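One structure is given below, encoded as structure tokens.
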Amino acid sequence: MAETDTETATDAVGEREHPDKSPLAVQEAQAEAEADERPKPGQRAEISNLDIVRHYFNKACDRLGLSDDLRVVFWSPYREVTVQIPIKLPDGKVHVYSGYRIQHNGARGPYKGGIRFHPEVDIDEVRALASLMTWKTAVAGVPYGGAKGGVNCPADRLDPGDVQKIARSFMDKVEKILGPTRDIAAPDINTNAQVMAWMMDEYGKLHGHTPAIVTGKPIALEGSYGREAATGRGCVYMFREAAPHLGLSPADTTFVVQGYGNVGSWAARIMQQLGATMVGVSDATGAIRNDGGIDANALHTHIGEGGTLTEFEGGEEMPAADLTSIPCDVFIPAALGGMIHEGNAADMECKVILEGANSPTTPAADQILRDKDVYIIPDVMANAGGVVVSYFEWVQNLQHFRWDEREVNDKLGTIMRRAYREVSARAREEGIDLREASYLVGIERVVEAARTRGYI
Ligand code: NAD
């Protein structure tokens with residue numbers, strides 16, 4: 001049953017409706033829907049991130065035989081806060097953004113999760129990401145629960161001064177439910193070490209200097225060495241564990257990156273250090289390819305100096321929609337959710353998908369890719385490196401003691417390898433894929449913690 005019950009519970013709050021109900025808008029929306037129900041290759045899927053996570057959660061619960069009542073407990077978030085963020089922009093108007101902080105499950109420790117600034121943020125997306133964090137921290141074995149936050153502002157198109165106002169205003173409004181032993185924030189899309197510094201500073205005005213309130217801070221403000229690279233590095237550690245079993249040698253590997261931001265560019269630069277070759281890459285501005293190799297370091301420097309990806313001379317501009325069909329060994333989604341879907345999965349020509357992004361693959365695409373024997377290292381384990389080094393940063397902050405980068409990276413490697421081995425052993429035992437196995441492992445650990453505490 002729980003499938004239906006769970007759906008009913010979340011649908012009651014989760015249905016998306018088009019805000020514009022004028023006859024023209026309704027007709028246009030209908031025409032669009034009828035024209036082609038499948039998303040085009042470069043678009044995001046119609047299915048929401050919440051539906052994607054719910055599908056995988058339910059599948060794992062079916063296998064675990066988790067009862068209907070418990071399934072509702074572990075699916076629905078513990079606490080949801082929505083806040084209003086009004087801000088006057090250079091056009092002279094007050095723009096009202098919505099901010100969310102959702103604490104999904106805290107059985108295993110304080111809530112932990114990033115804060116995303118993106119116009120497509122909505123409460124369902126934050127719910128999905130918060131739930132993923134619960135399973136991810138459990139799979140990695142770090143003592144945290146799962147949370148996520150977001151503001152639906154176009155931060156990449158705003159002045160830094162306005163982004164700062166939004167970051168401070170958001171913190172002012174959610175600080176009551178945060179705390180270094182309650183809920184700890186971190187960066188995500190369009191938020192970085194600078195944004196974390198503003199948030200820490202704002203929290204400190206009310207509570208005194210509290211570096212452990214956010215992770216992913218600048219090194220100058222008690223950030224951890226290795227945190228910025230951690231998610232991309234963790235993805236590469238996972239790939240290195242998998243490679244020998246797949247007959248791949250990292251030095252001879254070709255790869256494509258979708259989304260050249262923090263996760264994508266670090267994963268690319270570390271893959272390149274191992275001798276691998278990047279043959280295609282995209283970001284929000286477009287895509288380029290070069291079968292002879294695109295220099296990941298030079299591209300990073302070019303973008304850091306204000307250049308756009310498509311102007312980079314080391315590659316040829318191509319339609320972003322065709323990126324997914326470039327032949328390669330490893331495809332690394334590192335942008336938004338739902339970008340690998342039934343409209344492009346069948347044309348993918350890679351051996352491995354290394355999910356740096358959260359929820360990049362819809363259930364329909366997952367099935368198509370499994371039928372093609374593509375090996376998927378899923379988000380819930382592949383991109384856990386960020387939260388693992390966030391955990392190290394938090395531990396260092398609580399001790400007011402700093403580790404050097406080698407120590408951080410070594411400890412990260414140990415945890416990522418252990419998670420890979422535990423999940424892949426479970427996958428082998430049960431004859432299932434890594435995604436289902438990682439959800440099984442994550443859900444079991446959370447259920448055990450809740451049971452031991454006496455919650456259920
Ligand atoms: P970021 O803002 O640094 O980078 C996002 C990149 O995606 C940018 O280069 C942007 O231009 C690009 N992008 C946006 N829309 C795109 C599109 N339609 N097509 C291609 N590229 C597009 O964000 P990030 O921190 O690197 O996060 C990327 C993904 O990784 C997200 O799904 C995030 O949830 C996930 N993630 C991040 C962390 C972390 O530590 N930062 C940890 C775990 C998971």
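Just so it is clear, the structure is predicted and the values come from calculations on it, not from any experiment. Order of listing sets the numbers, starting from 1, for every ligand and every atom in it.
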**Q.** Pairs touching residues 272-293 that satisfy salt bridge (charged side-chain N to carboxylate O under 4.0 Å, His left out), sequence neighbours left out
**A.**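 Only Arg289-Asp291 qualify under salt bridge (charged side-chain N to carboxylate O under 4.0 Å, His left out).
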
Q: Using the salt bridge (charged side-chain N to carboxylate O under 4.0 Å, His left out) rule, collect all pairs that involve residues 148-157, keeping only residues at least two apart or in two chains.
A: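 The answer is Lys148-Asp188.
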
Q. Excluding sequence neighbours, so at least two apart, what forms side chain to side chain donor-acceptor pair (under 3.5 Å) with Asn297?
A.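 Testing Asn297 for side chain to side chain donor-acceptor pair (under 3.5 Å), a comparison that skips the adjacent residues, returns none.
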
Q.
Tell me whether the count of non-hydrogen atoms from other residues, nucleotides or ligands lying under 6.0 Å of OH in Tyr78 goes above 12.
A.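 Open: at most 12 neighbouring heavy atoms sit under 6.0 Å from OH of Tyr78.
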
Q: Below 4.0 Å from any atom of ligand 1, which residues have a heavy atom? Give them in chain and number order, please.
A: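 Its neighbours under 4.0 Å (heavy atoms only) are Arg116, Asp188, Ile189, Asn190, Arg227, Thr231, Gly259, Tyr260, Gly261, Asn262, Val263, Ser282, Asp283, Ala284, Ala334, Ala335, Leu336, Met339, Gly356, Ala357, Asn358, Asn383, given by chain and number.
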
Q | Cationic tip of Arg227 above Phe392 ring, under 6.0 Å, 45° of axis | A |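 Here Arg227 fails the 6.0 Å and 45° test against Phe392.
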
Q | Sidechain N-carboxylate O distance under 4.0 Å for Asp172, Arg168 | A |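 No, no charged N to carboxylate O under 4.0 Å.
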
